[in-house]
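Structure, as structure tokens:
Proteins get letters first, then strands, A, B, ... in listed order; numbering begins at 1 in each.
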There are 2 protein chains.
Amino acid sequence: MSPAHASASTSRREQILKEAARLFAERGFHGVGVDEIGAAVGISGPGLYRHFAGKDAMLAELLVGISERLLDGGRMRIAEGGESPEAVLDALLDGHIDFALDDRPLITVHDRELDRLREADRKRVRQLQRQYVELWVDVVRKVHPGASETQSRAAVHAVFGLLNSTPHLGRPGALPGRTEMAELLHRLALGAFRAVAAEPAAGA
Amino acid sequence: MSPAHASASTSRREQILKEAARLFAERGFHGVGVDEIGAAVGISGPGLYRHFAGKDAMLAELLVGISERLLDGGRMRIAEGGESPEAVLDALLDGHIDFALDDRPLITVHDRELDRLREADRKRVRQLQRQYVELWVDVVRKVHPGASETQSRAAVHAVFGLLNSTPHLGRPGALPGRTEMAELLHRLALGAFRAVAAEPAAGA
DNA sequence: CTTTCAGGTTAACGAGCACTAACCCGGCTG
DNA sequence: CAGCCGGGTTAGTGCTCGTTAACCTGAAAG
């Protein structure tokens, strides 16, 4: 229970979580075995049970952790409050983009394996997600007062899809580098939001 | 081998594929057993092996089928050729949006379970996807000549993420209805594309 | 020096699952 | 009527995988 012990054990836990996230993202929750996760951190198989109650617990901690980090980050950026709603939206975008570009495996697992959770954990994750979305909806509606709440919420979901699309990209260098990509995503998202309340000009 | 036999058998196959897609989307490829798929079409378990070589074969046929349908649809809309590149892009968008809204399970499975395929099938699917993307990239670059090819390709990927975001939406009616949603997605996508080559106005 | 204990190890168990084997039946075909 | 055969059925098999059990070790505590 000493601080030293706690931090050492914590780093081990986090190491395991990181590798688990990567493997889950690559092959899916059911597609990776505990032995693989263990091997990825240098111990083998059942050794993991000294740190986690089970495979499910790892996934739960991952998903809840991501959701909390996103929500906390969003709240922080809003609290810091830029001069204008536009500035706040920029901050939210940059925060989410950093996350999407730096923690691809987490993003992937986040909206892919939610249903594998126990009822309680899933409910908690969904609640956190919902709060995060509402954060964005409020800001978007300040920037674009013309849009209805329903439209704005759908737009926020869609823009999340846009921002989270990076994991699906092919590995080779056929795509922009990290900073260029961040700028591009930022612009695309703003462009989408700008169109949210525009008159339905396009022919459908 | 008679036509009557073939069409009857085909409808059975398609019924199985449809249910398999739904189940794979809901619980993941590894998360659903052959017994469940069988039960979903009224036969039980191993009866499926009269129609498919195995579970993998079902997934492969699903993914290849989706990719081919998308690509063929895209080629068709381009061949029909609207008067302007803008009209073609509109047609591509409407086609993809229809698909995303009507065949959610397929969309979900499409970018979620690709890695569970045998090497050959995976290669084929990726090739089809790549061709589909290039179709869009060409059109987008005609509409927005200012954008580099790299930027355009990244933007197309991102917009796919935007359009395919619908499966992640909560069930309740907190969201627009089907036609309203289609219009909204169309506008958002055009807004994003419009921003692809704009000067990096936003503060980053 | 002994005791404790965190953090490992290997062996085994039990469940689940894809797939196969063997059998069955009802409707065309000759 | 006989036989083929598409499309089912149930029982069983072998493998994978999560989890538990039992044991080990090295270092800090007393």
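A distance-only check finds no donor-acceptor pair linking the side chain of Glu68(B) to the backbone of Gly65(B) [under 3.5 Å]. The closest donor-acceptor contact from the side chain of Lys55(B) to the backbone of Val32(B) lies under 3.5 Å. With hydrogens and angles disregarded, no donor-acceptor distance shorter than 3.5 Å links the side chain of Glu61(B) to the backbone of Met58(B).
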Requested in this report: For side-chain hydrogen bond (donor to acceptor under 3.5 Å, both in side chains), just list the numbers for Gln15(B) and Arg12(B), CA-CA rounded to whole Å, side-chain angles, deciding distance to a tenth of an Å, and then say yes or no.
Outcome: CA-CA 5 Å; Gln15(B) 185 189 7; Arg12(B) 187 55 150 205; 3.2 Å; yes
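In this structure, the CZ atom of Arg13(A) is 13 Å from the P atom of dG8(C), given to the nearest Å. When the C1' atom of dG6(D) is taken as reference, atom CD1 of Ile16(B) falls 13 Å away, rounded to whole Å.
Over its length, the helix from dC1(C)-dG30(D) to dG30(C)-dC1(D) turns its helix axis by 0°, as judged from the five terminal pairs at each end, rounded to 10°.
Within the cation-pi definition used here (under 6.0 Å to the ring centroid, within 45° of the axis), Arg13(A) qualifies as a partner of Phe52(A).
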Query raised in the report: Which parts of nucleotides 8-20 of chain D does protein reach within less than 4.0 Å, heavy atoms only, written one letter per nucleotide 5' to 3' as B for base, S for sugar-phosphate only and - for none?
Result: BBBB------SBB
List the atom pairs, donor and acceptor, that lie under 3.5 Å between side-chain atoms in residues 74-82 of chain A and the rest of the protein, sequence neighbours left out.
from	atom 1	to	atom 2	distance (Å)
Arg75(A)	NH2	Gln131(A)	OE1	2.7

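Between His96(B) and Phe160(B), the ring center distance clears the sub-6.0 Å criterion.
In this structure the side chain of Leu188(B) never reaches within 4.5 angstrom of the side chain of Phe193(A), judged on heavy atoms.
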